[in-house]
**Q** 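The structure is given below, and queries will be raised subsequently.
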Amino acid sequence: MTQKIRALTYNIHKGYCAGNRRFMLEGMRERIAESGADIVFLQEVHGNIQKSEAKRKRFSYPDQPHFEYLADQAWPHYAYGQNAIYRKGDHGNAILSKYPFVSWENIDVSIFPRSSRSILHGVIEIPGSGQRLHTLCVHLGLLEQERRGQLQALTERIDEHVPHDEPMIIAGDFNDWRRQAENHLNTDLEVEELFVRLRGRHARTYPVWAPMLPVDRIYFRGLEPIGCQRLNDDHWSDLSDHAALFGEFEL
């Protein structure tokens with residue numbers, strides 16, 4: 001019996017719309033829940049954030065960490081890894097899951113002191129299948145020099161910690177508009193990118209109102225892809241500055 005796995009990846013821009021004019025976390029939560037994703041990969045999500053009472057009321061800031069607010073009742077299991085820590089809070093990557101985590105770890109892949117980056121690696125147990133699914137949430141640096149080192153660290157992490165017979169999804173914001181990631185991932189790890197496999201090219205996701213750059217990705221191994229979608233229609237375009245990507249697989 002096959003089982004479907006639905007995955008979504010989304011850089012939520014710390015909960016703000018493009019230009020930082022409005023705080024849109026509630027709308028993001030609604031749209032993500034409507035997607036029906038089993039596993040959600042988030043980038044630029046706040047863990048702790050200190051705001052004055054006036055700003056909390058003005059922007060309707062939740063009192064809890066934003067990844068918990070987004071998880072709400074739809075995803076009872078979640079993992080969070082800090083990327084950047086500053087005076088009034090932190091943000092990073094998060095994975096929300098309908099299925100329990102066996103384990104998770106946040107791996108620091110920062111190259112420069114002022115550009116904190118990490119890879120969040122969670123191992124999820126799929127009920128009723130006896131199968132473990134590796135999920136890696138990624139947000140790489142803006143400079144190509146950074147990304148080369150970070151892609152090498154990602155390759156080594158998977159080589160050392162992901163058995164080849166266990167399925168895997170790697171998703172997030174690769175900032176890889178020059179499409180260099182495949183040189184590492186396809187050759188070294190035998191992974192494929194979902195949109196390239198099903199549609200012949202990467203999905204363009206940034207900026208959301210007129211997507212030009214293919215920076216967000218969903219890579220996989222050990223799964224059968226059956227569908228993919230870029231989410232940037234009217235319901236999504238007023239939210240983050242990135243489009244979300246949705247993918248469906250058979251386990």
Side-chain angles (χ1 to χ4, degrees), residues 1-10 35-43 75 77-79 81 93-107 109 118-140 150-174 176 179-203 205 214-230 244-251:
M1 178 179 177
T2 60
Q3 183 166 356
K4 290 183 179 179
I5 300 291
R6 295 171 290 271
L8 182 142
T9 183
Y10 196 20
S35 75
D38 302 304
I39 303 168
V40 180
F41 300 77
L42 299 172
Q43 305 86 49
W75 298 277
H77 310 281
Y78 45 78
N93 302 326
I95 302 172
L96 316 181
S97 174
K98 290 185 177 178
Y99 310 120
F101 286 93
V102 175
S103 63
W104 64 269
E105 183 179 356
N106 195 44
I107 302 97
V109 293
S118 68
I119 297 166
L120 181 60
H121 179 187
V123 183
I124 291 170
E125 187 174 278
I126 308 298
S129 71
Q131 184 70 69
R132 302 195 327 163
L133 172 66
H134 291 261
T135 57
L136 293 98
C137 187
V138 173
H139 190 187
L140 302 188
Q150 290 159 356
L151 284 166
Q152 184 59 39
L154 175 62
T155 299
E156 292 171 1
R157 174 72 188 184
I158 293 168
D159 246 353
E160 295 170 6
H161 292 87
V162 182
H164 209 84
D165 60 350
E166 294 185 353
M168 171 177 65
I169 299 174
I170 314 165
D173 180 355
F174 282 75
D176 178 39
R179 301 172 176 85
Q180 299 298 307
E182 267 74 352
N183 296 338
H184 290 264
L185 301 178
N186 291 154
T187 303
D188 297 339
L189 300 174
E190 299 178 10
V191 305
E192 296 181 82
E193 206 282 327
L194 177 63
F195 284 77
V196 173
R197 167 74 176 270
L198 294 182
R199 298 192 178 180
R201 66 177 186 176
H202 292 294
T205 56
V215 295
D216 301 276
R217 310 276 173 80
I218 301 176
Y219 292 94
F220 67 95
R221 187 175 76 187
L223 296 159
E224 184 62 33
I226 56 176
C228 62
Q229 186 179 1
R230 179 182 68 186
L245 296 181
F246 180 85
E248 191 168 8
F249 303 88
E250 284 186 347
L251 182 66

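Treat the numbers as computed from the prediction; the structure is a model and nothing was measured.
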**Q** Identify the heavy atoms of Ala153 and Val109 that sit nearest to each other, and give their distance.
**A** CB-CG1, 3.7 Å

**Q** Does some side-chain heavy atom of Phe220 sit less than 4.5 Å from a side-chain heavy atom of Ile5?
**A** no

**Q** Kindly indicate whether the side chain of Asn183, heavy atoms from C-beta on, has any atom under 4.5 Å from the side chain of Leu151.
**A** no

**Q** For residues Pro167 and Gln131, report the shortest heavy-atom separation together with the two atoms involved.
**A** CD-NE2, 3.2 Å

**Q** Has the side chain of Trp75 got a donor or acceptor atom that lies under 3.5 Å from a matching backbone atom of Ala37?
**A** yes

**Q** Is the backbone of Glu250 close enough, under 3.5 Å, to the side chain of Glu224 for a donor and an acceptor to pair up by distance?
**A** no

**Q** Check Leu245, Leu8, Ile169, Ile170 against Phe41 for a side chain to side chain contact (heavy atoms under 4.5 Å, CB included) and give me the one that passes.
**A** Ile169

**Q** Measure the CG-NE2 distance between Leu136 and His161 for me, rounded to the nearest 0.5 Å.
**A** 11.0 Å

**Q** Any side-chain heavy-atom pair from Tyr99 and Leu133 closer than 4.5 angstrom?
**A** no

**Q** Could I get the full list of side chain to side chain contact (heavy atoms under 4.5 Å, CB included) partners for Asp159, not counting sequence neighbours?
**A** Leu189

**Q** With the side chain counted from C-beta on, respond yes when Leu251 and Ser129 share a heavy-atom pair under 4.5 Å apart, and no when they do not.
**A** yes

**Q** Which is it for His202 and Asp176 under the side chain to side chain contact (heavy atoms under 4.5 Å, CB included) test, yes or no, and what are the steps along the way?
**A** CA-CA 11 Å; His202 292 294; Asp176 178 39; 5.9 Å; no

**Q** Once you round to the nearest 0.5 Å, how far does CE of Met168 lie from CZ of Arg221?
**A** 4.0 Å

**Q** Could you state the interatomic distance from CZ (Phe101) to CZ (Arg132), rounded to the nearest 0.5 Å?
**A** 13.0 Å

**Q** Between Glu193 and Arg199, does any side-chain N to carboxylate O distance fall below 4.0 Å?
**A** no

**Q** When you compare the side chain of Arg179 with that of Arg201, does any pair of heavy atoms fall below 4.5 Å?
**A** no

**Q** About how many Å separate CZ of Arg157 and CD1 of Ile107, when rounded to the nearest 0.5 Å?
**A** 3.5 Å

**Q** Please work out whether the ring planes of Phe174 and Tyr219 are parallel, tilted or perpendicular, with thresholds of 30° and 60°.
**A** perpendicular

**Q** Check Gln43 against Ala171 and note the closest heavy-atom contact, atom names and distance.
**A** NE2-O, 4.3 Å

**Q** Do Lys4 and Ile226 have side chains that get closer than 4.5 Å, going by heavy atoms?
**A** yes

**Q** Can you name the residues that form a side chain to side chain contact (heavy atoms under 4.5 Å, CB included) with Glu125, not counting sequence neighbours?
**A** Val102

**Q** Could you pull out all residues at least two apart from His77 that satisfy ring-ring contact (aromatic ring centres under 6.0 Å, His included)?
**A** none

**Q** Are Asn93 and Val138 side-chain neighbours, meaning at least one heavy-atom pair lies under 4.5 Å?
**A** no

**Q** Between Pro127 and Pro100, what is the shortest heavy-atom contact and its length?
**A** CG-CD, 4.4 Å

**Q** Is the shortest heavy-atom distance from the side chain of Glu190 to the side chain of His164 under 4.5 Å?
**A** yes

**Q** Would Val196 and Arg217 count as a side chain to side chain contact (heavy atoms under 4.5 Å, CB included) here? Give the steps.
**A** CA-CA 10 Å; Val196 173; Arg217 310 276 173 80; over 6 Å; no

**Q** Find the distance between CG (Asp216) and OG1 (Thr205) and round it off to the nearest 0.5 Å.
**A** 3.5 Å

**Q** Show the nearest heavy-atom pair for residues Gly227 and Leu194, with the distance to one decimal.
**A** O-CD2, 3.8 Å

**Q** Check Lys98 against Gly36 and note the closest heavy-atom contact, atom names and distance.
**A** NZ-O, 4.0 Å

**Q** Once rounded to the nearest 0.5 Å, what's the spacing between atom CG of Leu120 and atom CD1 of Ile95?
**A** 4.0 Å

